[in-house]
Amino acid sequence: MAPSPRQLERRTVVGKHALLKQILEEGQVGERFTARGWLRSHRGSKAVSFLVLYDGSTMKTLQAVLPTDTPGYEEVAHQLTTGASVVVEGVLVESPGKGQRVELKADKVAVLGVADADTYPLQKKGHSMEFLRSIAHLRARTNVFGAVFRVRATLAQATHRFFGDRGFHYVHTPIITASDCEGAGEMFEVKATSTKDHFFGRQAMLTVSGQLNAEALAYGLGQVYTFGPTFRAENSNTSRHLAEFWMIEPEAAFYDIHDDMDLAEAYLKALITAVFEHNADDIDFLGKFVDKQLVQTLESTRDQTFERITYTDAVDILTKAKREWEFPVSWGIDLQSEHERFLAEEHFKRPVMITAYPKEIKAFYMFNNDDDKTVAALDVLVPRIGEIIGGSQREHRLDRLESRITADGMALEDYSWYLDLNRFGAVPHAGFGLGFERAVMFCTGMTNIRDVVPFPRSVGQAAF
RNA sequence: UCCGGCUUAGCUCAGUCGGUAGAGCAAGCGGCUGUUAACCGCUAGGUCGUUGGUUCGAGUCCAACAGCCGGAGCCA
């Protein structure tokens, strides 16, 4: 029988550049393969030698079994150390041992690049996250970081799929901005090394948010989202902060705060669904070695309806809680970490969406509610992470927007282009920002944000 | 930036009352009839973060500094 197109395609791929994932999942017993990868471990005994290979395509490893009388084995035996890159050829057979369906009965082995066992820092044992952070250029080779970065890739692709499927256009907003007045925190200044005066004719900074630009684009394209790097220069030293991170900011015309909440909830659930679909092995591993609650947390987040309460409800719950707060609770305060964690982790035990915050503690661009005391802000809190999404319905009524800017002591002329948006063809619209690294933390169980980005930038840290 | 903790072998850590340093893993060598972070034996490996102080004597007590970790603030 003639091979099907799919079989032909697979044969082509597998024959030339067989990924271990393909060999392990699709390889048939009796098929011959050339496996390329790095050694996770090498176990020798008198008659046979076991090589455990990984290549990054999957959490799983391929075990190659090599008789010690294989031609050429003697010459490379001492080079078969953890971390060495190898090419192994052989026939796929059912594995008599435990732990794997198939293994490669090898008859040919070559070492591409040695990894001197005396100096190669990674060993076939667990290392601390702190140590691995000090060798960030090598840590992608470990099980944990392989899993984390594969999940990260899935989350990025799932983001594009989710918004694309819903008619959101992917837009690119500037990384260099002259807008210093978004109130989002300390900024980095951008200067040309060879130009004395301001290169851009005025002071320029790295963006802290693409939101205002995204709003401009939403007024032409309807529904848009950004996915790009974001910079904050705060002297902030915690496991949840980076100086350079990635943010996803959807912005949709004709959305109100309730549409915004629906979108945020659907998006987070879509991310989790994608991870279970594409990274089952990775999640399984992370659930065993990083966070025993991981699978349960993700499943319940995916399957349960998010709690939706107002800020006033939240204050009520916190006031009545039998709990000593380090920061006393009363209407008007900004919610602190301890309050947010209590709501998500103890009171509701699920993600919580809080709306209608006092306008005094929120940004000028948020929609004023009818009570004239609160704005249509949205914070999404998840267990273990805290705030993962911050957003709002935007104020599109020009007079209200202008009076709010003035009331906050800012100059209208600094916002002339932003005000133009709502001077012409204003419509209700809403959006939010999701810190991508916090989403990766949530989906992997990692507790330090520096371990979910390959090369973290934070205060005093820009190595690699 | 504030509060607390940690820093001893390549890695993870122990080190009692102040008396000159220990284990497991990794490495090297040898053994082992198919292992699963294989196992067994032997060998080698240390300026105890840095500087100063107390003391006859400091890994151990004190101070400053540095780095890292946890928490807080700020935020996503």
Side-chain angles (χ1 to χ4, degrees), chain A residues 39-52 60-68 78 81-83 93 95-100 103 105 115-135 142-143 182-186 207-211 229-249 264 289 326-327 334-341 361-363 378-382 385-391 432-442 447-453 458-461 463:
Chain A
L39 282 180
R40 179 127 280 146
S41 83
H42 173 216
R43 296 183 288 273
S45 72
K46 198 170 198 173
V48 289
S49 184
F50 297 91
L51 306 178
V52 178
K60 292 203 178 86
T61 50
L62 175 70
Q63 173 163 280
V65 186
L66 196 69
T68 49
H78 66 287
T81 57
T82 297
V93 298
S95 178
K98 286 177 183 170
Q100 59 277 320
E103 62 186 28
K105 192 178 170 203
D116 180 20
D118 278 331
T119 50
Y120 184 59
L122 295 171
Q123 301 167 3
K124 50 181 173 183
K125 55 163 271 185
H127 293 284
S128 68
M129 290 297 150
E130 292 78 17
F131 173 67
L132 293 173
R133 216 171 286 149
S134 74
I135 50 166
T142 65
N143 282 327
E182 290 159 18
E186 296 289 317
T207 185
V208 292
S209 166
Q211 182 200 317
T230 309
F231 307 87
R232 302 277 166 90
E234 246 100 28
N235 185 5
S236 173
N237 207 322
T238 80
S239 54
R240 302 188 307 281
H241 286 86
L242 290 170
E244 175 184 295
F245 63 101
W246 288 67
M247 190 151 68
I248 290 140
E249 296 178 286
F289 293 98
E326 190 188 340
F327 296 88
D334 211 349
L335 298 182
Q336 305 295 319
S337 286
E338 57 171 343
H339 308 138
E340 295 181 346
R341 295 190 64 150
I361 60 173
K362 288 294 182 181
L378 164 65
D379 278 10
V380 182
L381 315 178
V382 294
I385 309 294
E387 185 181 346
I388 195 169
I389 283 178
F432 61 76
L434 169 123
F436 188 58
E437 280 75 14
R438 289 192 183 170
V440 180
M441 287 171 80
F442 185 67
T447 53
N448 193 314
I449 202 166
R450 298 180 189 97
D451 298 329
V452 298
V453 60
S458 55
V459 188
Q461 180 59 265

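Proteins get letters first, then strands, A, B, ... in listed order; numbering begins at 1 in each.
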Contact under 4.0 Å: A:Lys46 side-chain N or O vs B:rC32 OP1/OP2: yes
Selected nucleotide, minimal atom distance to A:Asn235 side chain, candidates B:rU1, B:rC11, B:rU35: B:rU1
Phosphate OP1/OP2 of B:rA72 contacted by A:Arg240 side-chain N/O (<4.0 Å): yes
hbond_proxy A:Ser239 side chain to B:rG71 base (donor-acceptor, 3.5 Å cutoff): no
Complementary nucleotide for B:rA23 - Watson-Crick or wobble, under 3.5 Å: B:rU12
Minimum side-chain heavy-atom gap A:Ile388-A:Phe442 below 4.5 Å: yes
Nucleotide forming a Watson-Crick or wobble pair with B:rA38, both distances under 3.5 Å: none
A:Gln336 side chain near B:rG73 phosphate (N/O to OP1/OP2, under 4.0 Å): yes
A:Ser337 side chain near B:rG73 phosphate (N/O to OP1/OP2, under 4.0 Å): yes
Sugar-phosphate, base or nothing in reach of A:Phe131, heavy atoms under 4.0 Å: sugar-phosphate
Complementary nucleotide of B:rC65, counting Watson-Crick and G-U pairs under 3.5 Å: B:rG49
Donor + acceptor pair across side chains of A:Arg43, A:Ser41 (<3.5 Å): yes
4.5 Å side-chain heavy-atom contact, A:His42 and A:Ser49: yes
Sugar-phosphate, base or nothing in reach of A:Phe442, heavy atoms under 4.0 Å: nothing
Sugar-phosphate only, base, or nothing, as touched by A:Gln63 at under 4.0 Å among non-hydrogen atoms: base
Phosphate OP1/OP2 of B:rA38: any A:Lys124 side-chain N/O under 4.0 Å: yes
Which atom of A:Phe131 lies closest to which atom of A:Ser134, heavy atoms considered: O-OG, 2.5 Å
N/O (side chain, A:Ser41) to phosphate O (OP1/OP2, B:rA38) under 4.0 Å: yes
Sugar-phosphate only, base, or nothing, as touched by A:Leu242 at under 4.0 Å among non-hydrogen atoms: base
Touch class at under 4.0 angstrom, heavy-atom based, for A:Ile388 against every strand present: sugar-phosphate
Touch class at under 4.0 angstrom, heavy-atom based, for A:Thr238 against every strand present: base
Touch class at under 4.0 angstrom, heavy-atom based, for A:Gly99 against every strand present: nothing
C1' gap between B:rG10 and B:rU16, integer Å: 28 Å
Sugar-phosphate, base or nothing in reach of A:Pro96, heavy atoms under 4.0 Å: base
Sugar-phosphate, base or nothing in reach of A:Glu387, heavy atoms under 4.0 Å: sugar-phosphate
Which residue lies more 5' along RNA chain B, comparing A:Gly390 with A:Gly460 via nearest heavy atoms: A:Gly460
Phosphate-side-chain proximity, A:Arg43 and B:rU35, N/O vs OP1/OP2 below 4.0 Å: no
Any A:Asn237 side-chain nitrogen or oxygen under 4.0 Å from OP1 or OP2 of B:rG70: no
Sugar-phosphate, base or nothing in reach of A:Ser128, heavy atoms under 4.0 Å: sugar-phosphate
Touch class at under 4.0 angstrom, heavy-atom based, for A:Ala47 against every strand present: nothing
Donor-acceptor contact present, side-chain A:Glu249 to main-chain A:Ser209, <3.5 Å: no
Polar side-chain contact A:His241-B:rC75 base: donor and acceptor under 3.5 Å: yes
Sugar-phosphate only, base, or nothing, as touched by A:Glu103 at under 4.0 Å among non-hydrogen atoms: base
